[in-house]
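Just below is one structure, and these are the notes that go with it.
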Protein chains: 2
Amino acid sequence: MSLKHGILGLLSLNSASGYDLSKLFSESLNYFWMANQSQIYRELDKMEEGGWVLSEKIEQSARPNKRVYRITQAGSQELLNWLKDEGIDQLMVIRSPLLMKIFFAGKIDRADVIKLLIAYRAECEKQQQTIKEEVAQIGYFEESAQKPAYWKYTTNYCIEYYNFLIRWATDTLSSLTNLK
Amino acid sequence: MSLKHGILGLLSLNSASGYDLSKLFSESLNYFWMANQSQIYRELDKMEEGGWVLSEKIEQSARPNKRVYRITQAGSQELLNWLKDEGIDQLMVIRSPLLMKIFFAGKIDRADVIKLLIAYRAECEKQQQTIKEEVAQIGYFEESAQKPAYWKYTTNYCIEYYNFLIRWATDTLSSLTNLK
DNA sequence: TGGGTCATGTAACCTGTTACATGATTAG
DNA sequence: CTAATCATGTAACAGGTTACATGACCCA
């Protein structure tokens, strides 16, 4: 249930339309949570049914009319409950399409596996570079006991995660190319 | 589409029932792909419609009757196509419930965040330990240019991945506890 | 003898993906 | 002038999760 709560989190900062939320996602949470637009609209509908958000229709002339959502009291409470929830099972899910391929890679030529890993590593480097640049743009910040910079911990995670992936790909490639 | 292909991969080694496949999953692919039983049954149905597998009903007395699936020619071909497919976008998906919480953690007490991270790290250590033990049981193996031990690369990945998570959690905890 | 677990699966629901629709504005 | 992109969204389908069903056998 992280997408709903991500949306609640964003709405707790500012009211927004589905379109806005989708943009906000790409600019922030997208590093660690890829959501697509249509999903956001559906979640908003459900959240409104559930009373976590309220919407107001805004008529526009130059652009299509929009529906702006704001968080309710119940929604804020739900956000807090979720944040404070101590269950960790939902946090341990792992699912890697890459490893699924590698596991069965014995069925294809080693050269093809090597090509795949090289392409994968290059893409990781590219993604990592993008994050680094965007973090640099946000630039200087100071944290304190009153306001730790949590977003910074998430970008650190992503950068280190890509380092791990790049390292693993490199090690695996060198094993594969050294095999006798 | 990794689950279907994981099932195909397993069936390319041996015919099996949905129940068997679910067991096989937990013993191997589960490290990096959590699948649940009911999903496997549904995928098998669809794969049979699509002609990737064929099933045969086996009558049993002591146990419920079962349906044993085997891979078809078309299924084997599909497995190879998927393995050789050079697209990497599907491999780059990232989605972390943990980071979703951390991103919005400013809304709750720092002490609660610290508790969460400690529990998370402990669980990572536990999972990692389990994998290490299971790998040790599989034990000695030798690889060669003819048969690289791809499964070994996947378990290495998981072990290193947990190392990364543990390191990140530790670093984040020390930042959080040192804040003035 | 009552509660687990083995061995099979089905049903309902929730979440994620892909494709499409529409009218304005901007860039080449 | 045409194609892309902005700013809104809807619809259909695929994949993942949770809960339940059934009859045998095994353990305390």
Side-chain angles (χ1 to χ4, degrees), chain A residues 1-8 15-27 29-30 32-50 52 55-69 82 87 89-97 100, chain B residues 1-8 15-27 29-30 32-50 52 55-69 82 87 89-97 100:
Chain A
M1 295 273 275
S2 291
L3 177 57
K4 278 194 176 62
H5 294 96
I7 294 173
L8 278 181
S15 296
S17 66
Y19 183 81
D20 297 335
L21 285 164
S22 159
K23 288 283 157 190
L24 286 169
F25 246 85
S26 340
E27 291 161 10
L29 314 182
N30 193 247
F32 54 82
W33 195 282
M34 291 168 172
N36 54 22
Q37 233 182 332
S38 52
Q39 211 184 337
I40 291 174
Y41 287 106
R42 190 181 39 195
E43 294 303 335
L44 284 168
D45 279 353
K46 290 219 194 134
M47 290 162 72
E48 186 155 26
E49 277 176 40
W52 295 0
S55 70
E56 190 188 354
K57 196 169 177 180
I58 311 273
E59 310 273 338
Q60 296 184 121
S61 46
R63 277 179 269 289
N65 297 338
K66 67 178 171 181
R67 183 165 285 279
V68 172
Y69 291 85
W82 169 74
D89 285 5
Q90 319 89 332
L91 308 179
M92 305 306 295
V93 176
I94 175 169
R95 201 164 268 147
S96 164
M100 190 67 96
Chain B
M1 296 271 275
S2 290
L3 178 57
K4 279 193 176 59
H5 293 96
I7 294 173
L8 277 182
S15 296
S17 67
Y19 182 80
D20 296 335
L21 285 164
S22 160
K23 288 285 157 186
L24 286 168
F25 246 84
S26 338
E27 292 161 9
L29 313 182
N30 193 247
F32 54 80
W33 195 282
M34 291 167 171
N36 54 21
Q37 236 184 333
S38 51
Q39 211 184 336
I40 291 174
Y41 287 107
R42 190 180 40 195
E43 294 303 336
L44 284 168
D45 279 353
K46 290 217 195 136
M47 289 161 74
E48 186 156 23
E49 277 176 40
W52 296 359
S55 71
E56 191 189 352
K57 198 169 176 181
I58 310 274
E59 309 275 339
Q60 295 184 123
S61 45
R63 278 179 267 289
N65 297 337
K66 68 178 171 180
R67 185 164 284 280
V68 172
Y69 291 83
W82 169 74
D89 285 5
Q90 318 90 332
L91 308 179
M92 304 307 294
V93 177
I94 176 169
R95 201 163 270 149
S96 164
M100 190 67 95

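Scope of the values below: all heavy atoms of this structure, side chains included, with no hydrogens, waters or symmetry mates.
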Side chain to side chain contact (heavy atoms under 4.5 Å, CB included) with [X]: which residues, sequence neighbours excluded?
| X | result |
| --- | --- |
| A:Glu49 | none |
| A:Ser15 | A:Val68, A:Arg70 |
| A:Glu59 | A:Asn65 |

Mind calculating the distance between [atom1] ([X]) and [atom2] ([N]) to the nearest angstrom?
| X | N | atom1 | atom2 | result |
| --- | --- | --- | --- | --- |
| A:Gln90 | D:dG16 | CD | C1' | 15 Å |
| B:Leu29 | D:dG16 | CG | P | 13 Å |
| A:Ile7 | C:dG16 | CD1 | C1' | 12 Å |

Quiz prompt | Any residue meeting ring-ring contact (aromatic ring centres under 6.0 Å, His included) with A:Trp82, in chain and number order, not counting sequence neighbours | solution =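 By the ring-ring contact (aromatic ring centres under 6.0 Å, His included) rule, A:Trp82 matches A:His5.
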Quiz item: Minimum heavy-atom separation for B:Ser26 to B:Ser22, with atom names?
Solution: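 For B:Ser26 and B:Ser22, the tightest heavy-atom pair comes out as OG-O, 2.8 Å.
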Practice problem: Do nucleotides 7-15 of chain C as a string where each nucleotide becomes B, S or -: B if the base has a protein heavy atom under 4.0 Å, S if just the sugar-phosphate does, - if no protein is that close. | Solution: BBBBB--SB
Quiz prompt | Contacts of A:Gln90 that satisfy side-chain hydrogen bond (donor to acceptor under 3.5 Å, both in side chains) - sequence neighbours left out | solution = none
Quiz item: Which residues satisfy the side-chain hydrogen bond (donor to acceptor under 3.5 Å, both in side chains) test with B:Glu56, sequence neighbours excluded?
Solution: none
Below 3.5 Å, can you tabulate the donor-acceptor pairs from side chains in residues 37-46 of chain B to any protein atom, sequence neighbours excluded?
unit_1: B:Tyr41; atom_1: OH; unit_2: B:Tyr19; atom_2: N; d: 3.3
unit_1: B:Glu43; atom_1: OE1; unit_2: B:Lys4; atom_2: NZ; d: 2.7

Self-check item: Terminal axis angle for the helix from C:dT1-D:dA28 to C:dG28-D:dC1, five pairs an end, nearest 10 degrees
Solution: 40°
